[in-house]
Amino acid sequence: MHPTTAWAPGLAQFAALLADTTRARICLALLDGRAWTAGELARAAGVAPSTASDHLSRLVEGGLLAQERQGRHRYLRLADASVAQLVEDLAGRVSTPPVPDRSLRAARAGAALAYARTCYDHLAGRLGVVVHDALLRRGLLDRSAGLTLTPAGERWCAELGLPLAPLRAARRPLLRDCLDWTERRPHLSGALGAALCAHLLDLGWLTRGVGRAVRLTPSGAPALAAALGLEPADLTRPTEAGTGGGRA
């Protein structure tokens, strides 16, 4: 037996944690980066609280979720950013066609989520991919020897007000590609991706919508476009172009 095959039973056991629709729904719901109560996760997964409790215990024991008790409530969240990355990467490899939306409201919510959302703590969706690609195109990021921040990128971060020293001191990688599950192309993850998303929210260029959805503000769209060397129309949702509507 090859030495590495000794990992096989543990790998199979770990993979089985997500090989269940209810547990997968729970993990996908928690990609918004918040802590949810067990009752909220039961409703999100569409199961009874007693059923959810069993699944949540398995996810906590398996290291995918962390929990904290406050009074009568049990709050759960993804264990860390690496778990969020794993869930998003796996979702990006799913080829099953989406279930048709049953209402206009659901369709709008789905469109908002596909356009811009948080993936745990960084920007995802079409907007996240546009930002990622613009940073590469402007030479602020380079991938000739793995994804790195160029000197021009360091100056860009400084101009935007993003300090790099604490990000480089973090245990988390500074930069990572994260496969976007709706666009099937990378968006920016890592410590810098998380800091950039938080900074755009602090600046008021982005604002939170329902659940994981975020959207550009009227002042944020031209500001972000200018910072990335783009036209504001490059950041427009496809449903907005030429219609004047489509907001979630």
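The figures that follow rest on heavy atoms only: side chains count, while hydrogens, waters and symmetry mates do not. All residue numbers in this chain count up from 1 along the given sequence.
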Review point. Residues in side chain to side chain donor-acceptor pair (under 3.5 Å) with Arg172, at least two apart?
Key: Asp121
Pairs involving [range], ordered by first then second residue, that meet salt bridge (Lys or Arg N to Asp or Glu O under 4.0 Å) (sequence neighbours left out):
range            : result
residues 188-211 : none
residues 59-77   : none
residues 158-171 : Glu154-Arg168

Might you point out which heavy atoms bring [X] and [Y] nearest each other, and give the distance in Å?
X      : Y      : value
Pro222 : Pro218 : CD-O, 3.1 Å
Gly204 : Thr217 : O-OG1, 2.7 Å
Pro186 : Val129 : O-CG2, 3.6 Å
Cys119 : Cys178 : SG-SG, 4.1 Å
Gln85  : Ser189 : OE1-OG, 3.0 Å
Ala79  : Gly63  : CB-O, 3.3 Å

Hey, could you give me the [atom1]/[atom2] distance between [X] and [Y], rounded to the nearest 0.5 Å?
X      : Y      : atom1 : atom2 : value
Leu174 : Thr148 : CG    : OG1   : 9.5 Å
Arg137 : Leu228 : CZ    : CG    : 9.0 Å
His55  : Ser50  : NE2   : OG    : 9.5 Å

Output all residues satisfying side chain to side chain contact (heavy atoms under 4.5 Å, CB included) with [X], sequence neighbours left out; order by chain, then residue number.
X      : result
Thr37  : Glu40, His73, Tyr75
Thr21  : Arg25
Arg143 : His132, Leu136, Leu147, Asp177

Review point. Taking the hydrophobic residues Ile, Leu, Val, Met, Phe, Trp and Tyr, and joining any pair whose side-chain heavy atoms are under 4.5 Å apart, which ones share a cluster with Trp36?
Key: Phe14, Leu17, Leu18, Ile26, Leu28, Leu30, Leu31, Leu41, Leu56, Leu59, Val60, Leu64, Leu65, Leu76, Leu78, Val83, Leu86, Val87, Leu90, Tyr120
I'd like to check [X] versus [Y] (side-chain heavy atoms, cut-off strictly below 4.5 Å). Are they in contact?
X      : Y      : result
Leu206 : Leu216 : yes
Leu192 : Leu164 : yes
Leu123 : Thr118 : no
Leu196 : Leu160 : yes
Leu200 : Val131 : no
Leu188 : Leu141 : yes

Listed by chain and number, what are the salt bridge (Lys or Arg N to Asp or Glu O under 4.0 Å) partners of [X], not counting sequence neighbours?
X      : result
Glu88  : Arg117, Arg212
Arg185 : Asp133
Arg43  : none

Check your understanding: Sub-3.5 Å donor-acceptor pair from the side chain of Asp54 to the main-chain atoms of Thr51, do we have one?
Key -> no
**Study point:** Listed partners of His187 passing ring-ring contact (aromatic ring centres under 6.0 Å, His included), at least two apart
**Key:** His122
